[in-house]
Protein chains: 2
Amino acid sequence: MRELVKVFRALSDETRIRILKVLLERECCVCEIMQALDISQSRASRNLGILEGAGFVKSRREGLWMVYAIDEQAMNSYVAALIEVLRGSLVNEEIILWDRERLSRAVRVGPRAIRK
Amino acid sequence: MRELVKVFRALSDETRIRILKVLLERECCVCEIMQALDISQSRASRNLGILEGAGFVKSRREGLWMVYAIDEQAMNSYVAALIEVLRGSLVNEEIILWDRERLSRAVRVGPRAIRK
DNA sequence: AGACTATATGCACATTTTCGCATATAGTGT
DNA sequence: ACACTATATGCGAAAATGTGCATATAGTCT
């Protein structure tokens, strides 16, 4: 039960839904998420952590970067079904399209270089 | 997007998940929900309202009682898929079994008569 | 009408959540 | 070792959330 609540809670936030929609396009490091959603570094990192804790996302280190990706084999629980729901949702939502657009221009370079 | 967040937020609370699991058994008036979950009247009413606002539940008046039920024809959006996820979840969760047990003994009589 | 019932809701309060800022941590390369 | 980079995290403030209490609302019945 606690687990199920955690899973839904992870999805009950616009930032995290946007992150998942971006990760459904392709895996990203934190700085790419920052650029795609145009949000701060701590906000990106924290919300990625919440998604990981809920089982939607896995991470691996790649040099300096932490690469986050949808955890496809996390088919254990309800997570897989919810990812499918998300995959079919918000297909024409404006902000999602913008995020995707910015993602396509994002580069794997850190927050220091982005200078906000 | 706002709608989707509202839907997930409605599920991100243990009380509301318990209510939905009870309503998946059968439709209930507010006082039956109170008895099944052993919670206060305002808590039952408010959370039912949230579930209704998110589209999971519909209500009809039946004399003094408001009867709430899973909104089966709200199959328009993600709601249907999420209800299916819930239907298959928590099948052996202790608290859910308790709720069901208390539901089976619940009577359609108001909070006044229940005397807590 | 008035008495009674079931449900909704305003208010206050405690708890939780989200986020920015600054700093800590971890890895790279000299 | 040191300088530099990307990410994680402690802390504090603002906002949102969940709940109980009391009361309002809506319906029934005599």
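Bear in mind that the values here come from a model prediction, so they are computed numbers and not experimental data. Chain A is the first sequence line, chain B the second, and so forth, proteins listed ahead of strands; every chain is numbered from 1.
Remark: C1' of D:dT7 and CG of A:L51 are 16 Å apart, rounded to the nearest angstrom. As rounded to whole Å, 16 Å separates atom C1' of D:dG27 from atom CZ of B:R60. Straight-line distance from the CG atom of B:L64 to the C1' atom of C:dA3: 13 Å, rounded to whole Å. Across the protein-nucleic acid pair, A:L11 atom CG and C:dT17 atom C1' stand 16 Å apart, rounded to whole Å. Rounded to whole Å, the distance from CE on B:M34 to C1' on C:dA6 is 10 Å.
With sequence neighbours left out, the salt bridge (Lys or Arg N to Asp or Glu O under 4.0 Å) criterion links B:E3 to no other residue. In this view, A:E93 and A:L90, A:I95, A:I96, B:M1 satisfy the side-chain contact (heavy atoms from CB on, under 4.5 Å) rule, not counting sequence neighbours. Residues passing the side-chain contact (heavy atoms from CB on, under 4.5 Å) test with B:A44 are B:V30, B:I33, B:M34, B:I39, sequence neighbours excluded.
Applying the salt bridge (Lys or Arg N to Asp or Glu O under 4.0 Å) definition to pairs two or more places apart or across chains, none involves residues 41-56 of chain B.
Residues B:V57 and B:L20 meet the side-chain proximity criterion, which asks for heavy atoms closer than 4.5 Å. Here the side chains of A:L86 and A:F56 are not in contact, with every heavy-atom distance at 4.5 Å or above. For the pair B:R108/B:E32, a side-chain contact is recorded, criterion being any heavy-atom separation below 4.5 Å from C-beta on.
Checked for salt-bridge contact, A:E25 and A:K21 miss the test: no charged N lies under 4.0 Å from a carboxylate O.
At the phosphate of D:dT19, neither OP1 nor OP2 sits under 4.0 Å from any side-chain N or O atom of B:S40. Residue B:N47 places at least one side-chain N or O closer than 4.0 Å to OP1 or OP2 of D:dT19.
Taking a 4.0 Å limit (strictly below) on heavy-atom distances, residues 13-25 of chain B reaches DNA chain D at B:D13, B:T15, B:R16.
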Identify each atom pair where a protein N or O and an N or O of nucleotides 8-14 of chain D are less than 3.5 Å apart, giving names and distance.
| unit_1 | atom_1 | unit_2 | atom_2 | d |
| --- | --- | --- | --- | --- |
| D:dA8 | OP1 | A:Y68 | OH | 2.5 |
| D:dA8 | OP2 | A:S45 | OG | 2.6 |
| D:dA8 | N7 | A:Q41 | NE2 | 2.9 |
| D:dA8 | N6 | A:Q41 | OE1 | 2.9 |
| D:dG10 | O6 | A:R46 | NH2 | 2.2 |

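Nearest-nucleotide mapping onto DNA chain C: of A:R43 and A:G63, the residue sitting toward the 5' end is A:R43. Remark on DNA chain D: of its neighbouring residues A:R9 and A:E32, the 5'-side contact belongs to A:E32, judged by nearest-heavy-atom nucleotide.
Residues B:W98 and A:V5 do not share a hydrophobic cluster, clusters being chains of Ile/Leu/Val/Met/Phe/Trp/Tyr side chains in contact below 4.5 Å.
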